[in-house]
There are 2 protein chains.
Amino acid sequence: MFGEERKSMISKYIIEHGRGSVLELSTTFKVSESTIRRDLKELEDEKLIKRTHGGAIPFESVNFEPTFGEKEIRYQSEKERIALYSGGFIQEGDIILIDSGTTTLHLAPILKAFSNLTVVTNSMTLMEQLKNESNIDIVMLGGSLRQETQAIVGPITDQILQTLHVDTAFIATNGISLSAGLTTPNLIEANTKRYMMKCAKRTILLADHSKAEKISFSQFGTVADIDMWITDDHLPKEIYQKFSEAGTEIHVANSHHTIPTVS
Amino acid sequence: MFGEERKSMISKYIIEHGRGSVLELSTTFKVSESTIRRDLKELEDEKLIKRTHGGAIPFESVNFEPTFGEKEIRYQSEKERIALYSGGFIQEGDIILIDSGTTTLHLAPILKAFSNLTVVTNSMTLMEQLKNESNIDIVMLGGSLRQETQAIVGPITDQILQTLHVDTAFIATNGISLSAGLTTPNLIEANTKRYMMKCAKRTILLADHSKAEKISFSQFGTVADIDMWITDDHLPKEIYQKFSEAGTEIHVANSHHTIPTVS
DNA sequence: ATGTTTATGATTACTTTTGATTATAGACGG
DNA sequence: CCGTCTATAATCAAAAGTAATCATAAACAT
């Protein structure tokens, strides 16, 4: 086998398996670890993979993220904490629905840790991150691609949602308010969210503190429609109390918090 | 044999076998290794092959992004020509359906040239390539992700297809035969292809010559179900005649052919 | 026919690839 | 924070492959 052939097979191997250790590749391709390391270095230069200690992972997971028109890069760590906390409400074997959005996207690495999961989503970006996870059954919701958010929305999506039933839906929003409920800028996207909530036994809203008391254009539900709201510890105390008194179950994912042990 | 003849045979050999070592080529063509190396150098200058230590591999396999679980990387240039030719059957404003597959994937760069198109597809890979094209309305077919081929298939996909109607469907196949019809290895994928053909006013099959007279596991249609078969100029003459006599409209996309000027 | 150009094969010097070895750097647990 | 362990980079020698050179033979032009 030529070096170039081996390199292309290594790249393929890593992309398909999602990873590849130096030792593993060395025995698979019957060359020394030195050679594997040299190959990995070159493949990394070509931006095909990303090296790690002990091996390499596909580049795409690093590559993909931006291209988001609605690229809210603020409150990154808050969103991560919210996603981590949310993971505690997922059990092996669950069928879960994940809405598109920057917060929900952080669920991807958490989902990968499960060994048996069915994930339904309308997020192209999430799909991208999970597409090579062999332990996850992925169901893509069909419909029209909204390029600004890389979300699949519209009547086709709504139609499919009417025929599906999931355990838990993780929904994102642009605004949550007691008076105006849950709101988002796009009418069609709002409608799709409405159907998402309808087909789930339980709805969990993921929204960092910046969304609190914000009102966007189109309403897709009220606070009474959600079973739980997971947010971060920068949420002002008085807002927490106001929503609590109104009957909303708020979970605060703070930095030192451990993951809840399943609902 | 003239040097040029030998060179073109070497190039063909490498492309069809996917590789060729200097020693192997030297014994096959009964010339010294020096001569083979000289030939390979010239072929590389012409961008027909890529040299490696010990031999050479096809140029396309280097060029093509290997992020595909799908293996078939052979006959790249044939597939490109088929896709280019197929582009001639697309008009501005059309609503077209594109099946997943390595041949159909080559349609992506051609579609980008249009300024008003609606593309319906079940191919994750195609979707990825088009997702930021603002002049294309993209409709993703929903359903389960089949990881081996990165195609969306299954009952949900079929259900959506029953509610859609498109101008032209571009379908890929693993085998086309007069007796066994159109066949593919996966049962569920076959069913989805069947629905695809059903919802299109016109069905165009894209299949390079290597698919001719091949029979795979599951049949999704007969040659009578397609309106046109676009293939490459390596299709043996007798196969062309056999299919033509049986009433199949075959278009051969050869290297010197200009693009047809819309159906 | 004769000199010139071109293609080819053989020979030799050089380059690349590879695996082994050793020194350095990074990760991990206490 | 530290020592220990493992992974990596750097180095080197052997093997494999290649480029450069030259001589011969064939094709070509005058």
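Note that these values count all heavy atoms, side chains included, but never hydrogens, waters or copies made by symmetry. Chain naming here is simple, since letters A, B, ... match the order of the sequence lines and numbering starts at 1 in each.
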**Q** State whether E4(A) and R19(B) are salt-bridged, where the test is any N-O pair (Lys NZ or Arg NE/NH1/NH2 against Asp/Glu carboxylate O) under 4.0 Å.
**A** no
**Q** Ignoring hydrogens and geometry, is there a side-chain-to-backbone donor-acceptor pair from S26(B) to V31(B) under 3.5 Å?
**A** yes
**Q** Is there a side-chain contact (heavy atoms from CB on, under 4.5 Å) between R37(B) and V22(B) once you walk through the steps?
**A** CA-CA 7 Å; R37(B) 289 202 183 90; V22(B) 171; 4.0 Å; yes
**Q** Collect all protein-nucleotide pairs involving nucleotides 24-30 of chain C in which both atoms are nitrogen or oxygen and the distance is under 3.5 Å.
**A**
from, atom 1, to, atom 2, distance (Å)
dG26(C), O3', H53(A), NE2, 3.3

**Q** Can you measure K7(B) atom NZ to dA7(C) atom C1' for me and round it to whole angstrom units?
**A** 12 Å
**Q** Among the nucleotides dG19(C), dT8(C), dT8(D), which one has an atom lying closest to any side-chain atom of V22(A)?
**A** dT8(D)
**Q** Students often get this wrong, so: under 4.0 angstrom with heavy atoms, is S21(B) touching a base, only sugar-phosphate, or nothing?
**A** nothing
**Q** With E78(B), which of T103(B), D232(B), T231(B) fulfils side chain to side chain contact (heavy atoms under 4.5 Å, CB included)?
**A** D232(B)
**Q** Without decimals, in angstroms, what is the distance between K30(B) NZ and dT8(C) P?
**A** 16 Å
**Q** Do S32(B) and T35(B) pair up side chain to side chain, a donor and an acceptor below 3.5 Å, judged on atom types alone?
**A** yes
**Q** Minimum heavy-atom separation for L130(B) to Q147(A), with atom names?
**A** O-NE2, 4.1 Å
**Q** Is K201(A) paired with D167(A) through a side-chain N to carboxylate O contact shorter than 4.0 Å?
**A** yes
**Q** Scan S26(A) against the nucleic acid and name what it touches under 4.0 Å (heavy atoms): base, sugar-phosphate only, or nothing.
**A** nothing
**Q** Distance check, rounded to the nearest 0.5 Å: M196(A) atom CE versus L164(A) atom CG?
**A** 10.5 Å
**Q** Do E44(B) and K47(B) meet the salt-bridge criterion of a basic N to acidic O distance under 4.0 Å?
**A** no
**Q** How close or far is atom P of dA10(D) from atom CD of E33(A), stated in whole angstroms?
**A** 17 Å
**Q** At what angle, to 10 degrees, do the two end axes of the helix from dA1(C)-dT30(D) to dG30(C)-dC1(D) meet, given five pairs define each axis?
**A** 50°
**Q** Is the distance between the ring centroids of Y85(A) and H251(A) under 6.0 Å?
**A** yes
**Q** For I10(B) and dA7(C), give me the distance from atom CD1 to atom P, rounded to whole Å.
**A** 14 Å
**Q** With a 4.0 Å cutoff (strictly under), does any side-chain N or O of S34(A) reach OP1 or OP2 of dT18(C)?
**A** no
**Q** Just by distance, do the side chain of S244(B) and the backbone of Y240(B) share a donor-acceptor pair under 3.5 Å?
**A** yes
**Q** OP1 or OP2 of dT17(C) sitting under 4.0 Å from any side-chain N/O of R6(A)?
**A** no
**Q** Mind calculating the distance between CE (M1(A)) and C1' (dA16(D)) to the nearest angstrom?
**A** 17 Å
**Q** Is the phosphate of dG9(C) approached by T35(B) (side-chain N or O, under 4.0 Å from OP1 or OP2)?
**A** yes
**Q** Going by number, which of residues 36-46 of chain B have a non-hydrogen atom under 4.0 Å from DNA chain C?
**A** R38(B)
